[in-house]
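Just so you know, these numbers come straight off a predicted model, no measurement behind them. As the structure lists them, so they are numbered: ligands from 1, and atoms in each ligand from 1.
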Amino acid sequence: MKLCFATNNDHKIAEVKKCLPGSFSLVGLKEIECDEELPETTRTIPGNSRQKAEYVFQHYRVDCFADDSGLEVEALQGAPGVDSAMYAGPQRSHADNIALLLKNLHGIANRKARFITVITLVLNGTFYQFEGVLNGTIIDTPRGAGGFGYDPVFMPDGESRTLAELRMDEKNAISHRSRAIQKLLNFLDSKAVV
Ligand code: IMP
């Protein structure tokens, strides 16, 4: 089955491809000849997820899914949340975002945080949403060279390594994104589309 993952992020496409059975042909936005920046103007993660999927469906008429993710920190009332990518400004620098996060958490004992992903699937014109969550804590000093984003400061519950210190397959086994993807797959399976 051919399905478009509405993203230009090759890292994400590679991550998701590893979770998908061979019966799937996963294509990115490039393959459907979409080189536009997708709109992400709502103020919530589920809202942005739906907005991107809806845009691709309306303009390209393909079965597709979009994801939107973010880091929610309990002591910061859920920030950076929907602003995770541009927390420290429009330059979207992972290093700047981490530096601001650590600054805002300086002296705060409660380090509880979670990553959340919401996937919106459009299948034959109907919309469905799936959520994946990974709970953990934010450490004081970045560690590890893998992954991306906030991975070097996020330690999943029950782990002594940060997400950036895990191998890609180890991160995939527990990540918020793979949990949401698994729900998507279970759904497609139940509809016998896989
Ligand atoms: P997106 O919606 O998946 O593009 O995620 C928005 C932002 O959340 C990213 O730019 C990262 O800052 C952060 N983020 C999402 N997923 C991850 C992850 O798996 N590791 C680290 N940071 C992430």
Side-chain angles (χ1 to χ4, degrees), residues 5-19 26 28-29 36-56 64-73 76 78-105 111 113-121 129-139 142-157 159 161-184:
F5 184 2
T7 180
N8 282 312
N9 183 330
D10 291 337
H11 188 106
K12 270 193 200 172
I13 294 177
E15 227 178 87
V16 171
K17 265 190 180 160
K18 286 199 188 262
C19 307
L26 189 73
L29 288 173
E36 310 171 64
E37 189 76 25
L38 301 181
E40 289 184 70
T41 56
T42 83
R43 290 303 297 149
T44 66
I45 289 172
N48 280 354
S49 170
R50 180 175 169 118
Q51 190 181 23
K52 289 185 278 188
E54 195 163 6
Y55 185 89
V56 170
C64 66
F65 66 93
D67 73 331
D68 203 67
S69 306
L71 175 70
E72 297 179 341
V73 179
L76 301 177
V82 72
D83 298 317
S84 291
M86 291 194 271
Y87 192 38
Q91 72 278 15
R92 291 175 177 258
S93 153
H94 295 320
D96 291 353
N97 288 339
I98 287 176
L100 180 61
L101 178 68
L102 294 181
K103 182 170 159 247
N104 290 342
L105 280 175
R111 315 291 289 197
R114 65 176 204 163
F115 276 116
I116 178 167
T117 293
V118 176
I119 288 177
T120 303
L121 168 72
Q129 284 197 316
F130 310 93
E131 182 185 284
V133 168
L134 176 63
N135 291 307
T137 50
I138 304 298
I139 62 165
R143 275 180 14 204
F148 70 102
Y150 299 90
D151 283 352
V153 290
F154 187 91
M155 192 176 289
D157 286 350
E159 255 297 337
R161 294 170 297 171
T162 67
L163 279 181
E165 292 175 306
L166 300 185
R167 293 190 315 269
M168 197 199 226
D169 62 306
E170 289 177 312
K171 179 180 171 186
N172 273 341
I174 58 167
S175 82
H176 46 304
R177 192 168 301 103
S178 65
R179 284 175 177 164
I181 290 281
Q182 198 50 57
K183 287 185 184 171
L184 166 73

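Under the 30°/60° scheme for interplanar angles, the aromatic rings of Phe154 and Phe115 are found to be tilted.
Of all the heavy atoms of Tyr87, none lies under 4.0 Å from any atom of ligand 1, so neither backbone nor side chain is involved.
Of the candidates Lys12, Arg92, His94, Lys12 brings a heavy atom nearest to atom 3 (O) of ligand 1. Proximity annotation for atom 9 (C) of ligand 1: of Gly70, Ala85, Ser93, Ala85 comes nearest, heavy atoms only.
Annotation: Arg177 places an N or O atom under 3.5 Å from an N or O atom of ligand 1; distance criterion only.
Of the residues Asn48, Val56, Asn8, Thr7, the one that meets the side-chain contact (heavy atoms from CB on, under 4.5 Å) test with Leu38 is Val56. Between Thr117 and the choices Ser69, Ser178, Ser49, the side-chain contact (heavy atoms from CB on, under 4.5 Å) rule is met once, by Ser69.
A salt bridge links Asp83 with Arg43: at least one charged nitrogen is closer than 4.0 Å to a carboxylate oxygen. A salt bridge links Glu40 with Lys52: the distance from a Lys NZ or Arg NE/NH1/NH2 to an Asp or Glu carboxylate oxygen falls below 4.0 Å.
Annotation: atom 17 (C) of ligand 1 to nearest protein heavy atom, Phe148 CZ, 3.5 Å. Nearest protein heavy-atom neighbour of atom 22 (N) of ligand 1: Tyr150 N, 3.2 Å. Atom 8 (O) of ligand 1 has Ser84 CB, 3.3 Å as its closest protein atom, hydrogens excluded (heavy atom only). Among all non-hydrogen protein atoms, the one lying nearest atom 23 (C) of ligand 1 is Phe115 CE2, 3.5 Å. For atom 6 (C) of ligand 1, the nearest protein heavy atom (residue, atom name, distance) is Ser69 O, 3.3 Å.
For ligand 1, the atoms sitting less than 4.0 Å from at least one non-hydrogen atom of Gly149 are 21 (C), 22 (N), numbered in the order shown with element in parentheses. Close approach of ligand 1 to Asp68 (heavy-atom distance below 4.0 Å) involves ligand atoms 2 (O). Short contacts between ligand 1 and Lys171, defined as distances under 4.0 Å to a heavy atom of the residue, involve ligand atoms 18 (C), 19 (O), 20 (N). Atoms of ligand 1 lying under 4.0 Å from at least one heavy atom of Asp151, given by number and element, are 18 (C), 19 (O), 20 (N), 21 (C).
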Checklist entry - Given the rule in the side-chain contact (heavy atoms from CB on, under 4.5 Å) test, do Thr41 and Gln51 qualify, once you have shown the distances and angles that lead to the verdict? => result CA-CA 8 Å; Thr41 56; Gln51 190 181 23; 2.7 Å; yes

Item to check | Verdict with supporting geometry, Asn97 and Leu71, side-chain contact (heavy atoms from CB on, under 4.5 Å) | outcome: CA-CA 11 Å; Asn97 288 339; Leu71 175 70; over 6 Å; no

Next on the checklist: Set out, in order, the CA-CA distance, both residues' side-chain angles and the distance that settles side-chain contact (heavy atoms from CB on, under 4.5 Å) for Ile181 and Phe65, then state yes or no.
Outcome noted: CA-CA 10 Å; Ile181 290 281; Phe65 66 93; 4.0 Å; yes

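Nearest heavy atom pair, residue Val118 against residue Pro46, reads CG1-CA, 3.9 Å.
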